[in-house]
Amino acid sequence: MTELIRYWPPFGLTLTTPRLVLRPIRDEHDGAFIGCQDVAAKDFASLKTVSTGSWLRQSAQGRGFGKEMRAAVALYAFDWLGADAAESEAAAWNRQSLGVSRALGYELNGVGRATWGGTRQDVQKVRLTPAAFIRPGWQLQVEGHTATAAYLGIGT
């Protein structure tokens with residue numbers, strides 16, 4: 001793994017919450033895989049905005065993991081990357097996902113359409129700012145940030 005980190009430093013990024021370890025997916029899965037949480041940005045240096053998306057196995061839903069992993073990437077985006085906003089969206093019918101968003105302080109930010117799984121969906125867009133963020137009562141542990149930020153050209 002050390003060799004891969006040398007060529008793509010984000011492989012070394014790890015976000016740890018009280019119950020979860022978030023890291024890039026790789027062949028060495030040494031824990032139980034319960035879902036995916038992504039964070040992405042376009043023109044981050046200028047816009048200071050990230051977009052997030054997540055997916056949980058059905059067996060992991062309803063246990064607070066979705067809120068915990070979304071809080072982790074929001075903490076990382078705001079406190080480590082210096083983001084001004086985090087944006088996301090969910091199918092308009094997905095009350096559970098939109099509930100996670102509300103619980104963290106996301107505000108409604110318009111409606112759009114997307115095609116997921118070959119089906120057209122109405123989507124509810126949401127947006128979170130550091131001021132509106134309802135922070136969790138735990139501290140995020142971060143490893144590999146310095147190398148990842150340098151690789152991405154993000155000076156924080």
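Sequential numbering from 1 along the given sequence is applied to the chain's residues.
Considering CG of Leu140 and CZ of Phe78, their distance stands at 13.0 Å, rounded to 0.5 Å. Rounded to the nearest 0.5 angstrom, Arg70 CZ and Ser97 OG are separated by 5.0 Å. Residue Phe11 holds its CZ atom at 9.0 Å from CD1 of Ile5, rounded to the nearest 0.5 Å. With rounding to the nearest 0.5 angstrom, the CD atom of Glu89 is 10.5 Å from the CG atom of Leu98. Note that the CG atom of Leu20 and the OG1 atom of Thr14 stand 13.0 Å from one another [nearest 0.5 Å]. How far OH of Tyr76 is from CG of Leu13: 4.5 Å, rounded to the nearest 0.5 Å.
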Residues 108-127, side-chain donor-acceptor partners within the protein, below 3.5 Å, at least two apart:
unit_1	atom_1	unit_2	atom_2	d
Arg113	NE	Asp122	OD1	3.1
Gln121	OE1	Trp93	NE1	2.6
Gln124	NE2	Gly110	O	2.9
Arg127	NE	Glu87	OE2	3.4

Can I get a per-line list of side-chain donor-acceptor pairs under 3.5 Å for residues 40-58, giving both atom names and the distance, sequence neighbours left out?
unit_1	atom_1	unit_2	atom_2	d
Asp43	OD1	Ser46	OG	3.4
Thr49	OG1	Leu47	O	3.0
Arg57	NH1	Phe33	O	3.1

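Across every non-hydrogen atom of Ala132 and Glu107, the tightest pair is CB-OE2, 4.2 Å. The shortest non-hydrogen separation linking Trp8 to Tyr151 is CD1-OH, 3.1 Å. Taking every heavy atom of both residues into account, Ala83 and Pro130 meet most closely at O-CG, 3.9 Å. Here the shortest heavy-atom pairing between Met69 and Gln37 reads CG-OE1, 3.5 Å. What you find for Leu128 and Ala74 is that their closest heavy atoms are CD2-CB, 4.1 Å.
Using a 4.5 Å cut-off on side-chain heavy atoms (C-beta onward), Leu81 and His145 make contact. In this structure the side chain of Tyr106 never reaches within 4.5 angstrom of the side chain of Val100, judged on heavy atoms. By the 4.5 Å heavy-atom criterion applied to side chains, Arg6 and Leu4 are not counted as neighbours. Considering only heavy atoms from C-beta on, Trp138 comes within 4.5 Å of Leu75 through its side chain.
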Please assess Leu15 against Val73 for the test side-chain contact (heavy atoms from CB on, under 4.5 Å), listing each intermediate value before the final yes or no.
-> CA-CA 8 Å; Leu15 308 180; Val73 295; 4.3 Å; yes
Steps toward side-chain contact (heavy atoms from CB on, under 4.5 Å) verdict (Leu104, Lys67) | CA-CA 7 Å; Leu104 292 173; Lys67 182 178 176 184; 3.9 Å; yes
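Atom CD of Gln61 has more than 12 neighbouring heavy atoms from other residues, nucleotides or ligands inside a 6.0 Å radius.
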